[in-house]
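Below you'll find the structure, written out as structure tokens, and then a few comments.
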Amino acid sequence: MIKLIGISGSLRAGSFNSALLRAAAAMMPHDAELRIESIAAIPLYDGDVENQGIPVAVARLKDEVAAADGLVLATPEYNNSVPGVAKNAIDWMSRPPSDSRRVFGGRPVAILGASPGSFGTALSQAAWLPVFRILGADIWTGPRFALARANNAIGANGDLTDPATRELLQKFVDGFVGYVKQRK
């Protein structure tokens, strides 16, 4: 069984990116699962806090990612870059530096995203690449999924309403799961 962890880079209740993760989880093949984890309880990074010990929410998320076969990050795009709450969570998960390899080293990572804007999340996804490279993750370079005008493809209840979007997301899911299977 392929076990993936999904993280949404948005804390908003009606997040398009959280909706994408839920849709992706429902599209998993029978021999794979995508478990969605929240970053809502991750505190702002503070070296003084780290010196007192890694917060429980951080340690738990690190262990979940380290035990998984891969990580799926659904990232919004804020000001042409990564969302601060997601970057904060990834920064915490890389602490202490001696533990970063356990969490990210060689771990397959897929990045997708949705935005109400006309460019999707192409810039945010590109901005994540050097972050995951320095952490030693194995960044999957399969078909990009950067949903523009997400409000036209995701309904008010969070369901994907556009058949073309569903088809593209299914290709993304199948591609990443296939990639992870090859590596096992």
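Excluded from the calculations below are hydrogen atoms, water molecules and symmetry mates; all remaining heavy atoms, backbone and side chain alike, are included.
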Subject >> Exercise: identify the closest heavy-atom pair between P43 and V58 >> reply: CD-CG2, 4.1 Å
**OP:** Kindly give the heavy-atom pair with the smallest separation between T161 and G155, and that separation in Å.
**Re:** CG2-N, 3.6 Å
Hey, does the side chain of [X] reach the backbone of [Y] with a donor-acceptor pair shorter than 3.5 angstrom?
X: D69; Y: K3; answer: yes
X: K62; Y: R95; answer: yes
X: Q125; Y: F145; answer: yes
X: R107; Y: A66; answer: yes
X: R183; Y: D138; answer: no

Applying the 4.5 Å side-chain criterion to the ILVMFWY set and letting contacts propagate, would [X] and [Y] be lumped into a single cluster?
X: I36; Y: V103; answer: no
X: M93; Y: L129; answer: yes
X: L169; Y: I5; answer: no
X: Y179; Y: I139; answer: no
X: F104; Y: W128; answer: yes

Measuring only between side-chain heavy atoms, which start at C-beta, is [X] closer than 4.5 Å to [Y]?
X: L4; Y: I2; answer: yes
X: P116; Y: R149; answer: no
X: P76; Y: F16; answer: no
X: Y78; Y: S124; answer: no
X: P55; Y: V49; answer: yes
X: I154; Y: D159; answer: no
X: S81; Y: N79; answer: no
X: L147; Y: L112; answer: no

Original post:
Does atom CD of E167 have more than 12 heavy-atom neighbours, drawn from other residues, nucleotides or ligands, at distances under 6.0 Å?
Top reply: no
**OP:** In sequence, state the C-alpha distance, the side-chain angles, and the governing distance for D31 and K181, and then conclude on salt bridge (Lys or Arg N to Asp or Glu O under 4.0 Å).
**Re:** CA-CA 10 Å; D31 59 347; K181 283 181 183 177; 2.7 Å; yes
Original post:
Should D99 and R102 be marked as a salt bridge (Lys or Arg N to Asp or Glu O under 4.0 Å) after you check the CA-CA gap, both sets of side-chain angles, and the distance that decides it?
Top reply: CA-CA 5 Å; D99 201 27; R102 176 181 75 90; 2.7 Å; yes
Could you measure the distance from the [atom1] atom of [X] to the [atom2] atom of [Y]? Nearest 0.5 Å is fine.
X: N88; Y: W92; atom1: CG; atom2: CH2; result: 8.5 Å
X: L71; Y: L34; atom1: CG; atom2: CG; result: 9.5 Å
X: R60; Y: S38; atom1: CZ; atom2: OG; result: 8.5 Å
X: N17; Y: T121; atom1: CG; atom2: OG1; result: 6.5 Å
X: I7; Y: I42; atom1: CD1; atom2: CD1; result: 8.0 Å

Original post:
For Q52 and D48, does a side-chain donor sit closer than 3.5 Å to a side-chain acceptor?
Top reply: no
Subject >> Contacts of V85 that satisfy side-chain contact (heavy atoms from CB on, under 4.5 Å) - sequence neighbours left out >> reply: L11, I39
**OP:** Using a strict cut-off of less than 4.0 Å between a Lys/Arg side-chain nitrogen and an Asp/Glu carboxylate oxygen, indicate whether D174 and K171 qualify as a salt bridge.
**Re:** no
Original post:
Is the shortest side-chain N to carboxylate O distance from D91 to K87 below 4.0 Å?
Top reply: yes
Original post:
Quick one: salt bridge (Lys or Arg N to Asp or Glu O under 4.0 Å) pairs with a partner in residues 70-82, sequence neighbours left out?
Top reply: none
**OP:** May I have the step-by-step check of side-chain contact (heavy atoms from CB on, under 4.5 Å) for D162 and N152, ending in yes or no?
**Re:** CA-CA 8 Å; D162 178 51; N152 294 330; over 6 Å; no
In a table with atom names and distances, give each donor-acceptor pair under 3.5 Å that connects a side chain of residues 18-28 to protein atoms at least two apart or in another chain.
residue, atom, partner, partner atom, Å
S18, OG, S8, OG, 3.0
S18, OG, S15, OG, 3.4

Original post:
Below 6.0 angstrom between ring centroids: does that apply to F132 and W140?
Top reply: no
